[in-house]
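Only a predicted model underlies this, so the values are computations on that prediction, with no experimental measurement involved.
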Amino acid sequence: MDLSNIARNDLCPCGSGKKFKKCHMGRENELLDDTLSVDPAQLAMKIIALPACAHPRAAEMAASLEIVSPAGKQLKVKLVDLAAYCALTPYAKQNGAEQNDGGVVINPLKTKLLDPGFVYLALSPKAGDSTIVHELAHVIDMVCGSCLPAGKAQEMAGEMSVPVELLEHPQEFGDKLIELAERFAVSLDAEDEIIAILARRQLLLPARMVAKGDHKEIVAAAEKTMRFMQNNRALIDVRIRGRAGYRLGLR
């Protein structure tokens, strides 16, 4: 791979979604080693060949989705096994994707050329309903909402001192999460219920704002959301108490 034309602020070729200066700049040898060991075309073929996730409930939910890209193309969700995907891509494993009951949306750019009609979701067979609707909402947001590449939200959060959760979960994500939870009668876990509380009050950041990346605009909106959460701790605690994932002080 020729790295001579990569500028400091370009996205890193490793696919992390971070800027080159924040990722492999100064460690180009590692990038070359990684690139040589995982060819993009070969990676795409390996992802497409991953075993399906055996999760009837998730398959039912995914099959019901009607996803239309900004270009007007209809897309479907294909479920693959999370453990198999994490074994294939060390980056996903390093970033906490490999959980007993978790999931991760695979960047559509990895499979677009070979399987353009699908968005791949790596999911654990043990995933609960709240996790499923959460990841499906992420699929829709990645395609139709903020369209942030993997890792981009973490980079922006660090630069702006804004909670990464607010950048990863824009208003459109929250609206879709609520819609899916109601459609499939899902009781959201504690963290997702907090997202729903904020979404119902239009206190999540709009996807266009996140995608635009205006520092001043994002910080002002995030401060408004954080003030609401600080001033309504008791209300939030009542709403999430008893839900899966609840712990004292989760606000």
Side-chain angles (χ1 to χ4, degrees), residues 52-68 74-83 85 92 96-106 108 118-146 148 150 153 163-207 210 225 228-229 232 235-251:
C53 173
H55 200 311
R57 174 70 163 159
E60 172 195 354
M61 294 184 189
S64 74
L65 293 185
E66 295 182 0
I67 305 174
V68 180
Q74 289 200 348
L75 301 171
K76 291 291 185 181
V77 178
K78 187 172 290 187
L79 304 176
V80 295
D81 184 74
L82 177 63
Y85 175 64
E98 189 175 26
Q99 300 176 12
N100 290 334
D101 58 354
V104 59
V105 182
I106 300 175
F118 289 91
V119 179
Y120 283 69
L121 171 58
L123 191 70
S124 166
K126 299 179 182 178
D129 282 4
S130 188
T131 295
I132 297 169
V133 296
H134 182 105
E135 296 302 335
L136 291 176
H138 268 309
V139 169
I140 297 170
D141 179 59
M142 181 175 284
V143 174
C144 309
S146 58
L148 287 182
V164 67
E165 292 82 4
L166 289 180
L167 300 176
E168 290 179 334
H169 305 111
Q171 182 65 43
E172 290 80 357
F173 169 90
D175 293 340
K176 185 55 63 173
L177 178 70
I178 293 170
E179 177 189 326
L180 293 174
E182 292 177 350
R183 185 195 307 182
F184 297 107
V186 172
S187 176
L188 295 173
D189 64 25
E191 292 185 352
D192 281 337
E193 181 60 20
I194 292 176
I195 294 174
I197 291 170
L198 297 175
R200 290 188 177 98
R201 290 166 172 77
Q202 299 293 303
L203 285 171
L204 294 174
L205 279 58
V210 178
T225 300
F228 170 83
M229 295 183 68
N232 293 274
L235 171 97
I236 294 173
D237 190 77
V238 168
R239 292 286 299 274
I240 67 175
R241 184 173 296 172
R243 292 179 182 267
Y246 172 81
R247 61 183 184 274
L248 188 63
L250 178 64
R251 295 172 175 83

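- Here CD1 of I240 is found 10.0 Å from CG of L235. Values are rounded to the nearest 0.5 Å.
- Note that CZ of R183 is 4.5 Å distant from OG of S64, once rounded to the nearest 0.5 Å.
- Listed here is the closest heavy atom pair of P125 and A54: CB-O, 3.9 Å.
- Summarising the geometry, atom CE belonging to M142 is positioned 12.5 Å from atom CG belonging to L75; distances are rounded to the nearest 0.5 Å.
- Qualifying side-chain hydrogen bond (donor to acceptor under 3.5 Å, both in side chains) partners for T225, counting only residues two or more places apart in sequence or in other chains: none.
- Interatomic distance, I197 CD1 to I236 CD1, rounded to the nearest 0.5 Å: 5.5 Å.
- The existence of a salt bridge linking R57 and D129 is confirmed by a sub-4.0 Å separation between a basic side-chain nitrogen and an acidic carboxylate oxygen.
- Heavy-atom minimum distance, P170 versus P206: CB-C, 4.3 Å.
- Taking the six-membered ring for Trp and thresholds of 30 and 60 degrees, F173 and H138 have ring planes inclined between 30 and 60 degrees apart.
- Panel note: side chain R241, backbone Y246; no donor-acceptor pair is recorded below 3.5 Å.
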- request: Go through the steps to decide whether L65 and L180 satisfy the test side chain to side chain contact (heavy atoms under 4.5 Å, CB included), and finish with yes or no.
  value: CA-CA 9 Å; L65 293 185; L180 293 174; 3.6 Å; yes

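- Between L123 and A58 the shortest heavy-atom distance is CD2-CB, 3.5 Å.
- Counting heavy-atom neighbours within 6.0 Å of Q202 CD, excluding the residue itself, gives a total above 12.
- Closest approach of S130 and S187 over heavy atoms only: CB-O, 4.1 Å.
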task: Could you walk me through whether L204 and D175 pass side chain to side chain contact (heavy atoms under 4.5 Å, CB included), step by step?
output: CA-CA 10 Å; L204 294 174; D175 293 340; over 6 Å; no

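- Minimum heavy-atom separation, L188 to A181: CD2-CB, 3.9 Å.
- Distance CG/L205 to NE2/H169: 12.5 Å, rounded to 0.5 Å.
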- request: In sequence, state the C-alpha distance, the side-chain angles, and the governing distance for M229 and I194, and then conclude on side chain to side chain contact (heavy atoms under 4.5 Å, CB included).
  value: CA-CA 9 Å; M229 295 183 68; I194 292 176; 3.9 Å; yes

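- Scored by the ring pair (Phe, Tyr, Trp, His ring centres under 6.0 Å) test, H55 finds no partners at all (sequence neighbours excluded).
- Within the 3.5 Å criterion, the main-chain N or O of A137 finds no donor-acceptor partner in the side chain of D141.
- Taken to the nearest 0.5 Å, the CZ atom of F184 stands 9.0 Å off from the CD atom of E179.
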field: Stepwise side chain to side chain contact (heavy atoms under 4.5 Å, CB included) check, V119 with I67
entry: CA-CA 10 Å; V119 179; I67 305 174; 5.6 Å; no

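- Across every non-hydrogen atom of A127 and T131, the tightest pair is CB-CG2, 4.1 Å.
- A side-chain contact (heavy atoms from CB on, under 4.5 Å) with M61 holds for exactly one of V77, I132, L79; it is I132.
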